[in-house]
Amino acid sequence: MKFFSQLMTLPGNGVYTVHTAKEKKEKLFKSYYGTTKTENARTKWLKSLEKLKTDRPWLIGIPSDSGGGIQRGANWGPLFVRQEILAERNEFFDLGDVRVIPHLLHDKYLNNETIKLCQKSLYGKTSKLPVSPLSITDKVLSDIYRKYPDARILGIGGDHSISYPLVKTWLASRKNLSKAAVLHFDAHTDLMDRRLGIDFCFGTWTYHILHDLETTDHIIQVGIRSSGKDKKHWKETLGVEQIWAKDVHKLGVEKTYKKIAKQYKELGVEEVYISFDIDALDEKYASATGTPEKDGLLPTDCAGIIRLLAQDFKITGADMMEVAPFVWPEGVDARDQRSALSVAGDMTRILLEVLKP
Ligand SMILES: [Mn+2]
């Protein structure tokens, strides 16, 4: 945790801007720290980090969308989703935002000169710290889990590439990997090995996390409906079990859940990480996202499955990804756009609820 205050900034402050959404930041600072002034809020934020307790879930914002590729805008997810859960601010502890240079994705794509210049800009001349959002997230989470292996963390993105370091560090810190599984809500499989040559992005993160799981049976995908290949293809080539949106519509919440629970129980799974791409929900409820898709899940479907899961398994990690508040597709009226954010808030609240130790 030595570099925490360098790698992170105060909640909602991770998007590098002066005026955009200023009133939202001030509202957040006021609610958390009783002040609208960034400097005063920073002092209180740093102080709050001195007495971390794992008696409630921790929230971390990663406002990066450089791993997206169709419609950007999820960098504003962490600030806007927090507005929706302000009333519950005492139910969780907010660690703050990862500092984001919006043009970067992962340090492995950078040359030494660029890394040095970015280190100088973020941390000062002699630093060796990572500079890209995925690399910083990996470092921060590894440090946190080393010191607090029982921390239950909710990551708020950001595009879905961010789930890669979130899930990777969660898996690496489990005492018994064979008892840890992932439940992945999404309209898309995110199972490409590369997209246009890039291995870490919103369409590939799940493929890469397969190598960190005990077996590929330790992940189940729910809500899929936009895939170039059918369910059989993914099962036969990568060994990944999927419950498509149309299957959930047919089975209903309880039978869907029973299918999930049966697979996890046969493996001896005890704890689960829930990765939630907001586009798992039907476009009617999730218009504010980069790739909205029709015929999706209802908020009640997801809430039902998640709550049943929490009765039988410990939920020890989760994320809420791809909420892009300024993305406003044609034909969506203001009320539906507004309700898209409030639905994202509802889903986040449910994740916080099941993450409670
Ligand atoms: Mn996704």
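Heads up: numbering here begins at 1 and tracks the sequence. All ligand and atom numbering here is 1-based and tracks the order in the structure. Bear in mind that the values here come from a model prediction, so they are computed numbers and not experimental data.
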Would you say Asp190 has an N, O or S atom lying under 2.8 Å from the Mn ion (ligand 1)?
yes

Please confirm if an N, O or S atom belonging to His160, backbone or side chain, lies less than 2.8 Å from the Mn ion (ligand 1).
yes

The single option from Lys314, Arg152, Arg174 that satisfies side chain to side chain donor-acceptor pair (under 3.5 Å) with Glu271 is Arg174

So which of Leu166, Ile153, Leu183, Ile209 actually passes side-chain contact (heavy atoms from CB on, under 4.5 Å) with Tyr273?
Leu166

Run the side-chain contact (heavy atoms from CB on, under 4.5 Å) test on Val140 and Phe4 for me, step by step, so that the C-alpha distance in whole Å, both residues' side-chain angles and the decisive distance to 0.1 Å come before the verdict.
CA-CA 7 Å; Val140 166; Phe4 194 84; 3.8 Å; yes

Relative to the Mn ion (ligand 1), which of the N, O or S atoms in Asp277 is the closest?
OD2

Answer yes when Lys147 and Asp143 have at least one side-chain N-carboxylate O distance shorter than 4.0 Å, and no when they do not.
no

Name whichever N, O or S atom of Asp186 ends up nearest to the Mn ion (ligand 1).
OD2

